[in-house]
Amino acid sequence: AGILRRVESQIGAAITVADAVLTVSKNGSALSPTITIATSGSAIGTNDHADFYTQVAAGDAIKVASDGGSTTASAAAINCIFSG
């Protein structure tokens, strides 16, 4: 239990054609803001983040999903930061 403070992403390859938008959800409900990974200037290791102040309880499910906007498949490392 605690507070979701930040969600960070780091991509493993440059993306092309369109921005990729990551949506963070808690127990199936989308949170705001979203994280936009811009195609312009993207490269291996590009970092993006969004800040939150969302209460979470033990057992809550946090999910990060991409809209699939870019045409390049790229793995992304996701880091969720919580405080007590």
Side-chain angles (χ1 to χ4, degrees):
I3 301 168
L4 174 63
R5 297 297 209 157
R6 175 175 277 199
V7 176
E8 303 170 332
S9 68
Q10 183 179 61
I11 58 175
I15 60 173
T16 58
V17 177
D19 296 346
V21 178
L22 305 180
T23 299
V24 179
S25 61
K26 179 183 104 171
N27 296 329
S29 296
L31 302 177
S32 182
T34 58
I35 302 167
T36 300
I37 303 170
T39 56
S40 176
S42 71
I44 294 171
T46 296
N47 293 297
D48 292 288
H49 72 274
D51 292 318
F52 300 90
Y53 191 86
T54 302
Q55 296 284 337
V56 292
D60 282 349
I62 303 298
K63 179 180 176 182
V64 180
S66 173
D67 68 351
S70 69
T71 59
T72 304
S74 173
I78 303 295
N79 186 35
C80 297
I81 300 170
F82 298 87
S83 64

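On a predicted model such as this, the values are computed, not experimentally measured, just so you know.
Closest approach of Ser70 and Ala20 over heavy atoms only: OG-CB, 4.4 Å. For the pair Gly12 and Ile44, the tightest heavy-atom approach, listed with the atom from each and the gap, is O-CG1, 3.3 Å.
Ile11 and Val21 are members of different hydrophobic clusters when ILVMFWY side chains are connected at heavy-atom separations under 4.5 Å. Ile81 and Leu22 are members of different hydrophobic clusters when ILVMFWY side chains are connected at heavy-atom separations under 4.5 Å.
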Run the side-chain donor-acceptor check on residues 29-37: report pairs under 3.5 Å with partners two or more places apart or on a different chain.
none

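Side-chain heavy-atom separations under 4.5 angstrom define the hydrophobic clusters, and the remaining members of the one that includes Tyr53 are Ile3.
Contacts classified as salt bridge (Lys or Arg N to Asp or Glu O under 4.0 Å) and involving residues 34-43 (residues at least two apart or in different chains) are not found. A salt bridge (Lys or Arg N to Asp or Glu O under 4.0 Å) check over residues 62-84, counting only residues at least two apart or in different chains, returns nothing.
Asp51 meets the salt bridge (Lys or Arg N to Asp or Glu O under 4.0 Å) test with Arg6; sequence neighbours excluded. The side chain to side chain donor-acceptor pair (under 3.5 Å) test applied to Gln10 returns Asn47, not counting sequence neighbours. The side-chain contact (heavy atoms from CB on, under 4.5 Å) test applied to Thr39 returns Ile15, Asp19, not counting sequence neighbours. Looking at residues two or more places apart in sequence or on another chain, you find a side chain to side chain donor-acceptor pair (under 3.5 Å) between Thr71 and Thr16.
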Open item on the list: The test is side-chain contact (heavy atoms from CB on, under 4.5 Å); show your working for Lys26 and Thr54 and say whether it passes.
Closed with: CA-CA 9 Å; Lys26 179 183 104 171; Thr54 302; 4.0 Å; yes
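For the pair Ile62/Phe82, a side-chain contact is recorded, criterion being any heavy-atom separation below 4.5 Å from C-beta on.
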